[in-house]
Structure formats: C-alpha cells, structure tokens
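To start, the structure under review is shown below, and the notes come after it.
Convention: sequence-line order gives letters A, B, ...; per-chain numbering from 1. Values reported hereafter were calculated over all heavy atoms of this structure, with side chains retained and with hydrogens, waters and symmetry mates removed.
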Number of protein chains: 2
Amino acid sequence: MGVTKTDIFSREDNLLARFAKALGHPARIAILRLLVQRQACICGDIVDEIPLAQSTISQHLKELKAAGLIKGEIEGAKVCYCIDETAWEVAKAALGTFLDSNTDCGANCC
Amino acid sequence: MGVTKTDIFSREDNLLARFAKALGHPARIAILRLLVQRQACICGDIVDEIPLAQSTISQHLKELKAAGLIKGEIEGAKVCYCIDETAWEVAKAALGTFLDSNTDCGANCC
DNA sequence: TCGTTTCATCGCAAAGATACGATTAATTAT
DNA sequence: ATAATTAATCGTATCTTTGCGATGAAACGA
C-alpha cells in the first residue's frame with residue numbers, strides 16, 4: 001500500500017499529522033530556520049547554504065508550500081520565500097496544545 | 001534514493017525532524033491521544049479503538065517507542081503502553097522553541 | 001495439558017519519499 | 001540578439017512507509 005487511511009481519523013488528527021509530517025525532515029527544518037533567521041530568503045541563498053541539489057531544495061520548498069508553512073513571491077528571475085504566518089500560527093497552536101497534554105500516567109503503571 | 005542525508009544537518013535539526021516525523025501520521029497522533037486520555041493503555045484497547053489491523057498498530061507503536069515518545073511495560077500476556085514523559089518534554093521543548101520563532105518578515109517582502 | 005488470548009515479527013504488495021541530473025521557461029545581463 | 005542566471009519540472013533510481021495476513025512466542029484459562 002503506502003497509502004495513509006486518512007478517512008478513519010479525525011480532522012484534527014489529520015491536521016496535526018500533516019503539519020508534523022512537513023516538519024519531519026531535517027532539510028525542511030533547516031530551510032525554515034533560514035527563513036526565520038533572515039526573515040526571508042531567495043531560493044538561491046537556500047541552495048547555497050544547504051548541500052543538496054537545487055532540484056531537491058525546490059522539491060522541499062514545494063512541500064512546505066503545500067503544507068502552507070511558507071509562501072513564495074516572484075521577484076524577477078528570483079523567488080523570495082518567507083514564512084506564512086497564518087498557517088504557522090495554526091501549526092503552533094495545534095502542536096502546542098497537543099504537546100501540552102497532561103502526560104502523567106499516575107502510579108498505576110510504567 | 002529515498003534515504004535522508006542526516007549527516008549534512010545539525011544534531012538539533014535532526015532531532016526536531018525525528019520527533020516531527022514520529023508525529024507525522026494520524027494513527028500515531030490518535031494513539032498518543034488515547035494514551036494521554038486514559039493515562040495508559042493496553043495494546044489491545046488501542047487496536048479496538050482504531051480501525052487498523054493489529055499488526056499495523058503494533059508497527060506504529062514500535063515507531064513511537066523508537067522515537068522515545070512512549071514506553072511499554074509487559075503485564076503478563078498483555079502490554080501496557082504509556083507516554084514517556086522524559087522524551088515528551090524534550091520534544092515539547094524542541095518543537096515549542098522552534099515554533100515560537102519570530103516569523104515576522106517585515107515589510108521587505110511577501 | 002491443551003486451547004486461547006495477546007502481541008510482536010515476518011513476508012509481501014502498493015504507494016510515497018528522497019535525491020539527482022537534465023531539461024525547460026523566464027528573466028537578466030552583455 | 002545572445003548568453004547567462006534562476007528556479008521549477010520531468011524522468012529516474014532507490015529506499016522508506018503503510019498496511020495486511022500469516023506465523024510465532026509467551027502467558028493465561030479450563
């Protein structure tokens with residue numbers, strides 16, 4: 001298969017998983033970190049900073065855009081990427097709430 | 001390929017990506033939510049609650065354990081799973097700090 | 001003891017993810 | 001006009017993930 005059965009899970013769980021999946025690769029974390037540090041980034045700058053092929057970086061950017069975490073603006077021949085604050089806030093809230101759950105399992109086990 | 005080049009990224013970025021990847025499937029989110037709600041869970045209870053095959057659930061549990069997010073205690077023929085608070089706190093701190101980054105890209109773009 | 005329950009593991013099939021080079025289209029520089 | 005830069009896309013190879021049924025091993029119950 002290789003296909004996730006999204007239909008059997010809640011919308012919230014699917015949302016959380018989609019954001020987490022987008023963050024689930026070190027290259028994408030590194031890209032987002034660059035965008036945060038420099039406030040915005042020309043695609044070529046990212047290619048220079050991360051030792052992966054240009055086509056590979058472009059693919060990761062595409063996934064981050066599909067997840068809504070970034071947006072790109074065409075500036076002539078170049079493309080300027082930056083964090084999409086709206087979706088970023090949604091992701092922060094969703095993951096934050098989830099990770100803030102009470103994990104204490106009492107004295108009954110473990 | 002299909003193989004991630006972990007060696008070219010920082011330890012922190014790989015750590016973040018590993019946690020996020022573990023959270024990057026709705027079944028694993030659902031499992032963690034069950035463990036949080038019930039404080040602990042017998043494996044069979046999870047299989048009853050989530051409409052996936054027992055072997056599939058077992059595999060997701062294995063991945064969550066590999067990521068350190070849960071731990072299992074053998075109780076006779078059954079196995080009791082619960083959140084591993086130590087790693088959970090690490091994940092919460094790492095993801096929390098990352099997502100709390102200032103995402104304002106000023107007026108220069110986008 | 002023998003069957004049952006419980007869960008992990010194996011083997012398999014289908015689909016997705018990762019990475020690269022080559023190509024393409026658009027803009028910019030000469 | 002021509003060449004160079006920039007970034008997306010295509011095609012391809014390989015590895016990983018997802019999912020299931022079947023099998024195994026361990027503990028439990030009758």
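- Applying the under-4.5 Å side-chain rule to Ile, Leu, Val, Met, Phe, Trp and Tyr, the cluster around A/M1 extends to A/V3.
- Going from atom CG of B/N14 over to atom P of C/dT18 covers 13 Å, rounded to whole Å.
- Taking the side chain as every heavy atom from C-beta outward, B/S58 and B/Q54 approach each other to under 4.5 Å.
- The side-chain heavy atoms of B/Y81 and B/K65, taken from C-beta on, include a pair separated by under 4.5 Å.
- If you measure from atom CG of B/L61 to atom P of C/dT6, you get 16 Å, rounded to the nearest angstrom.
- In this structure, OG1 on A/T86 lies 11.0 Å from CG on A/L69, to the nearest 0.5 angstrom.
- Rounded to a whole Å, the CG atom of A/D45 is 16 Å from the P atom of D/dT5.
- Apart from A/I42 itself, the hydrophobic cluster it occupies contains nothing, where clustering links Ile, Leu, Val, Met, Phe, Trp and Tyr at side-chain heavy-atom distances under 4.5 Å.
- Nucleotide C/dG16 holds its P atom 16 Å from the CZ atom of A/R18, rounded to whole Å.
- The shortest distance between the side-chain N/O atoms of B/Y81 and the OP1/OP2 oxygens of C/dT6 is not below 4.0 Å.
- At least one side-chain heavy atom of B/L95 sits under 4.5 Å from a side-chain heavy atom of B/L16.
- One atom, CG of A/D7, and another, P of D/dG19, lie 10 Å apart when rounded to the nearest Å.
- In this entry the distance linking CD1 of A/I42 with P of D/dT5 reads 17 Å, nearest Å.
- Side-chain proximity of B/R28 to the nucleotides D/dA8, D/dT18, C/dT9 is greatest for D/dT18.
- The separation between B/I70 atom CD1 and C/dA8 atom P is 9 Å, rounded to whole Å.
- A straight line from CD1 of A/I31 to P of D/dA7 spans 13 Å, rounded to a whole angstrom.
- Annotation: the span from A/R38 atom CZ to A/D45 atom CG amounts to 5.0 Å, rounded to 0.5 Å.
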Problem set entry | Protein-to-nucleotide contact annotation, 5' to 3' order, nucleotides 19-30 of chain C [B base; S sugar-phosphate only; - none; under 4.0 Å, heavy atom] | BBBB----SS--

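- When the nucleotides C/dG16, D/dT16, D/dA8 are ranked by their closest atom to the side chain of B/K21, D/dT16 comes out on top.
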